[in-house]
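Here the structure is laid out as structure tokens; the discussion comes afterwards.
Predicted, not measured: the structure shown is a model, and the values here were computed from it. In what follows, every chain begins at residue 1, and chains take the letters A, B, ... in the order their sequences are listed.
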Amino acid sequence: MASDFIRDMIAADVESKKHNGKVCTRFPPEPNGYLHIGHAKSICLNFGVAKEFGGKCHLRMDDTNPATEDPEYVDAIQRDVKWLGFDWGDNLFYASGYYDKLYEIAERLIRNRRAYVCDLNEEQMSAYRGTLSEPGKNSPFRNRTVDQNLDLFRRMRAGEFKEGSCVLRAKIDMTSPNMKLRDPAIYRIKHAHHYRTGDAWCIYPLYDFAHCLSDSMEGITHSLCTMEFESARELYDWVIAAAEMPWVSRQTEFARLNLTYTVMSKRKLLELVEGKFVNGWDDPRMPTIAGLRRRGYTPEAIFEFCNRIGIAKNLSTVDLALLEFVVREDLNARSPRILAVHKPLKVVIDNYPDQIENLDAPYWPQDVPNEGSRTLPFSREVYIDADDFMEAPPKDFYRLAPGREVRLRHAYVIKCERVIKNAEGDVVELRCSYDPQTRGGVTADGRKVSGTIQWVSAAHALDVEVRLYDRLFVTERPGEERDFKEEMNPESLVVARMKVEPSLKNATANDRFQFERVGFFIADADSKPGAPVFNRTVALKDSWAKQTAKHVQSAPKTSKPKIEAKAAVATELSAEAQALKDCHGVSSEEARTMAIEPHILELFEAALASGGVAKTAAALVCNDVLGEVRARKLERAPFSGKELADLSQLIADGTLSSKQGKDVLAKMFDGEGGPKDIVKKLGISQVTDVAAIEAVVDRVLAANVDAVARFRAGNTNVLGALVGLAMKESGGKANPKTLNEVLRKKLA
RNA sequence: UGGGGGAUCGUCUAAUGGCAGGACGACGGAUUCUGAUUCCGUCUAUCAAGGUUCGAAUCCUUGUCCCCCAGCCA
């Protein structure tokens, strides 16, 4: 099972019986567009963790904006999530289904003086909000009475006011450094028809109000969303608290997916659709689920892709090559092979009798454990691909050339005897001979024929439409330098015709094939009986094409410039830090730390007052105590200066190694008493006796012969690992310095 | 600029003070009736500078760079 920081967190919550160990997630799309591969990441995460932890995942339409939403999208979303293989059971919800409850909560907020109706217009509100660096000002309407607000809000609902004339705002803090908390609007007037609630409402809740409350009402335990909602989390928590919701959901953010050569924002995708740059949301060039489906991607491939990219918080742009890799991997095992010729070149086999042979050809290569075959009609005239012939080939070309042999897949070995050209000098036909002793492609004399190419019988070939899809954009990060629409790939769709073997005649929509040596294809819904149309899902890897392309041009890969290290600025100490340095004799770093963290300084001074060893105590307090305090999200260390002083003495007098000192410190944070008690209780002591340490080292060396070999081979880092092992072997008691010396001596 | 988040091979992602690992990619080789698949090998990384430590990607300090927030969108 995949592991990531979210799953780790949920596992810890389950372990600690938070929410009684239950897990309930949700996937909350707004039905204002189609789902894309970025949503697939979220879907796989939300439904995935629910399944892994025995919980549920709800599907919720986050429909709070009647202006942009449409039932077509609701249907498409459900279709896509289902197709991806996920099941929400009875748990299909709509934010619009909570409008009554949300309204009640809004009134509750008003009654609790946590919300007010504000008549500022948009421009004024923006001005009052302040900027990133300046605090906002309170709205003149902020102090309306509860009765006034209730009256106004009810009249908003009753439709007495024009759109934009007023909003309901949360009353939080106009000076908050978090812009989201500067009295955000939570209800606005929209005299719009809603696709589900019709004209029942003319006020609609905003995301920050509706989303967290929906989560809470549904009993969502973990509300997983993307990083851009990070600063909204404080508001999320505020609303749940202010509304006095009995169920507290927790929001956690992860990085959204970006893909190279792709745009992912709904706005841009909508622009592509509405501007007719593509043929709708399910255009196979679109990164939408519907587009990928039509392109021939499988849900399994998409799921695998989502597993491989992982979940983290880094801003990330995944290489499109990975998506292509997973779909090839999946399709390789499930696509029967057929023969198709893209650029037909006529081949006449002069010594072949005027007859038709039906050859049996397996659908699958040796390494795919599937069975089945079809018959391939073979005749005197066949087509091969023009790229499989070269009149003057380089020596590493092992297809057809004058006087050379090549194998026709599943058929015969042929030899090129003559090249026929037209008046312009173009090759228009090849005259070949065949070796009758090679039926089925097997040479009777065992001679090697290195090239094998695909072909179709001229008289039997089916002429079909193929749609050759390629990446939609020519730049890795469309839109970074100029408008993304200027970076579209003019060859993202090439409609062409191919000669394919006759067995494809009855292919129907969604049948998948590998056209050998060409690519993976899927029959499109536009297929007609007897006239299938194929979409190319992805081309096969082609190392020959790559090799030949290299001769032509070697495009230097532009890598992003490494961040230049600027010369370290010799930062001066603040007056306070300088004073500390002078009076306590601590180092500059320590002085700086103490000047910033008063509780650290306080602890240090208290330790000194109790007879602590200055140097040791300072290092302890600045490097380790501070780290622990932060890691445990504490205000200050949970022990006294006296206890720290004791610890510093134990370390300074050699009773404890500094490593042991840190272990004891951790125990002090765990509330296991003072250092002396801990040392006594746990029997911690330091072994400095060289003979004893040598014995330990010998044991470790004997037990880790391979590691020793790696060290001798030059991997000096192994030394650290061996020290670690030996430390463990000694029960953590060996003096690390001595141990290190002994180990070095033994290994030398 | 106030606040929040992030920085590990070209890309994505592991490593909770002890051998920087995996995948994609790139490059090379073997096998092959698909120049595919498969297999093998090679390549490349801890943002910087200090500090603590026997030992730091990880703890501390100071910097640098990137992203998000100023919708009555979500």
Side-chain angles (χ1 to χ4, degrees), chain A residues 3 30 32 62 64-65 68 122 125-126 129-136 163-164 167 176-180 182 185 187-190 206-207 211 227-232 234 253 255 260 266 308-310 312-319 321-322 325 328 332 337 365-368 398-399 407 409-410 440-442 449 451-454 514 516-517 540-545 547 557 559-560 562-569 571 587-590 592-593 596 619 622-624 626-627 631 658-659 662 707 710-711 715 717-725 727 735-741:
Chain A
S3 171
E30 187 192 12
N32 66 347
D62 217 356
T64 53
N65 187 354
T68 57
E122 280 194 70
M125 240 181 95
S126 171
R129 187 153 32 226
T131 66
L132 294 178
S133 50
E134 301 155 27
E163 254 178 52
V167 294
S176 171
N178 182 348
M179 300 295 289
K180 287 278 180 195
R182 319 245 260 229
Y187 260 95
R188 81 292 217 187
I189 299 169
K190 271 189 187 281
L206 280 127
Y207 168 86
H211 195 94
M227 298 293 296
E228 67 270 25
F229 293 100
E230 197 149 27
S231 58
E234 218 179 334
E253 312 84 17
T260 54
K266 270 199 200 170
R308 284 184 184 237
I309 58 177
K313 298 182 83 157
N314 307 337
L315 183 79
S316 66
T317 303
V318 175
D319 195 338
L322 181 62
F325 171 82
R328 282 195 194 101
N332 179 55
R337 273 50 169 183
Q366 290 285 327
D367 56 340
V368 177
Y398 54 81
R399 279 112 95 152
R407 176 186 294 106
R409 177 81 159 155
H410 303 306
V442 190
V449 177
T452 300
I453 63 176
Q454 77 275 23
Q514 185 198 102
E516 288 205 34
R517 306 210 305 137
L540 253 35
K541 280 213 288 193
D542 188 346
S543 55
W544 171 250
Q547 192 180 326
K557 174 132 181 151
S559 61
K560 74 177 173 199
K562 268 282 179 203
I563 298 155
E564 284 293 316
K566 287 203 180 159
V569 204
T571 43
S587 74
S588 297
E589 272 72 20
E590 289 158 353
R592 227 194 298 269
T593 306
I596 301 163
C622 292
N623 294 302
D624 305 314
L626 189 49
S658 60
K659 165 84 166 177
K662 281 177 203 188
R710 276 199 298 282
F711 176 80
N715 185 348
N717 292 336
V718 178
L719 188 71
L722 288 170
V723 173
L725 254 18
M727 286 299 295
N735 174 281
K737 211 173 236 168
T738 312
L739 193 153
N740 206 301
E741 281 161 15

Write down the distance separating the [atom1] atoms in [N] and [M], rounded off to the nearest Å.
{"N": "B:A14", "M": "B:C19", "atom1": "C1'", "answer": "15 Å"}
{"N": "B:G17", "M": "B:G22", "atom1": "P", "answer": "22 Å"}
{"N": "B:A45", "M": "B:A20", "atom1": "C1'", "answer": "9 Å"}
{"N": "B:U64", "M": "B:C73", "atom1": "C1'", "answer": "34 Å"}
{"N": "B:A57", "M": "B:A15", "atom1": "P", "answer": "15 Å"}
{"N": "B:G25", "M": "B:U37", "atom1": "P", "answer": "9 Å"}
{"N": "B:C66", "M": "B:G28", "atom1": "C1'", "answer": "36 Å"}
{"N": "B:G29", "M": "B:A36", "atom1": "P", "answer": "12 Å"}

So [X], base contact, sugar-phosphate only, or nothing? Heavy-atom distance under 4.0 Å.
{"X": "A:Gly724", "value": "base"}
{"X": "A:Arg328", "value": "nothing"}
{"X": "A:Gln514", "value": "base"}
{"X": "A:Val442", "value": "base"}
{"X": "A:Leu322", "value": "sugar-phosphate"}
{"X": "A:Asn715", "value": "base"}
{"X": "A:Leu719", "value": "nothing"}
{"X": "A:Ser176", "value": "nothing"}

Pair of N/O donor and acceptor under 3.5 Å linking [N] base with [X] side chain:
{"X": "A:Asn717", "N": "B:C19", "value": "no"}
{"X": "A:Arg409", "N": "B:U34", "value": "no"}
{"X": "A:Lys662", "N": "B:G17", "value": "yes"}
{"X": "A:Glu589", "N": "B:U52", "value": "no"}

B:G5, syn or anti by chi within 90 degrees of zero: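 With its glycosidic angle more than 90° from zero, B:G5 counts as anti.
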
Only pairs with both distances under 3.5 Å count, Watson-Crick or wobble alike; so what is the partner of [N] in this structure?
{"N": "B:G2", "value": "B:C69"}
{"N": "B:U53", "value": "none"}
{"N": "B:G10", "value": "B:C24"}
{"N": "B:A15", "value": "none"}
{"N": "B:U32", "value": "none"}
{"N": "B:C47", "value": "B:G63"}

Considering only [options], which nucleotide approaches the side chain of [X] most closely?
{"X": "A:Ala321", "options": "B:U1, B:U62, B:C24", "value": "B:C24"}
{"X": "A:Ser658", "options": "B:C54, B:G35, B:A36", "value": "B:C54"}
{"X": "A:Asp319", "options": "B:U37, B:U34, B:G10", "value": "B:G10"}
{"X": "A:Val318", "options": "B:C60, B:C19, B:C12", "value": "B:C12"}
{"X": "A:Gln547", "options": "B:U38, B:U61, B:G35", "value": "B:G35"}

Taking every non-hydrogen atom, the tightest pair across A:Asp542 and A:Ala545: OD1-N, 3.0 Å

A:Lys659 vs B:G17: side-chain N/O to OP1/OP2 distance below 4.0 Å: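 It does not, given that no N or O in the side chain of A:Lys659 lies less than 4.0 Å from OP1 or OP2 of B:G17.
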
Any A:Arg308 side-chain nitrogen or oxygen under 4.0 Å from OP1 or OP2 of B:U13: no

Mind calculating the distance between [atom1] ([X]) and [atom2] ([N]) to the nearest angstrom?
{"X": "A:Asp624", "N": "B:U16", "atom1": "CG", "atom2": "P", "value": "19 Å"}
{"X": "A:Asn735", "N": "B:G55", "atom1": "CG", "atom2": "P", "value": "12 Å"}
{"X": "A:Asn314", "N": "B:U8", "atom1": "CG", "atom2": "C1'", "value": "9 Å"}
{"X": "A:Ile596", "N": "B:G51", "atom1": "CD1", "atom2": "P", "value": "18 Å"}
{"X": "A:Asn332", "N": "B:A36", "atom1": "CG", "atom2": "P", "value": "12 Å"}
{"X": "A:Phe325", "N": "B:C12", "atom1": "CZ", "atom2": "P", "value": "18 Å"}

Full working for salt bridge (charged side-chain N to carboxylate O under 4.0 Å, His left out) between A:Glu230 and A:Lys313: CA-CA 11 Å; A:Glu230 197 149 27; A:Lys313 298 182 83 157; 3.6 Å; yes

Derivation and outcome, side-chain contact (heavy atoms from CB on, under 4.5 Å), residues A:Phe229 and A:His211: CA-CA 11 Å; A:Phe229 293 100; A:His211 195 94; over 6 Å; no

Donor-acceptor check, side chain of [X] to backbone of [Y], threshold 3.5 angstrom: yes or no?
{"X": "A:Arg407", "Y": "A:Gly441", "result": "yes"}
{"X": "A:Asn623", "Y": "A:Ala619", "result": "yes"}
{"X": "A:Thr593", "Y": "A:Glu589", "result": "yes"}

Note: A:Glu134-A:Arg129 ion pair, threshold 4.0 Å (strictly below): no

Nearest-nucleotide comparison on RNA chain B, the residue closer to the 5′ end among A:Ser587 and A:Asp542: A:Asp542

Earlier contact from the 5' end, RNA chain B, for A:Glu234 and A:Thr260: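 Of the two residues, A:Glu234 wins.
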
Distance in Å, A:Asp319 CG paired with A:Phe325 CZ, rounded so as to fall on 0.5 Å steps: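 Reported value, rounded in 0.5 Å steps: 12.5 Å.
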
Residues A:Gln454 and A:Arg409: side-chain donor-acceptor under 3.5 angstrom: no

A:Ser587 side chain to A:Glu590 side chain, donor-acceptor N/O pair below 3.5 angstrom: yes

Side chain to side chain, A:Tyr187 and A:Val167, heavy atoms closer than 4.5 Å: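 No. Closest side-chain heavy atoms not under 4.5 Å.
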
Letter per nucleotide, 5' to 3', of nucleotides 68-74 of chain B [B base touched, S only sugar-phosphate touched, - untouched; heavy atoms, 4.0 Å]: SBBSBSB

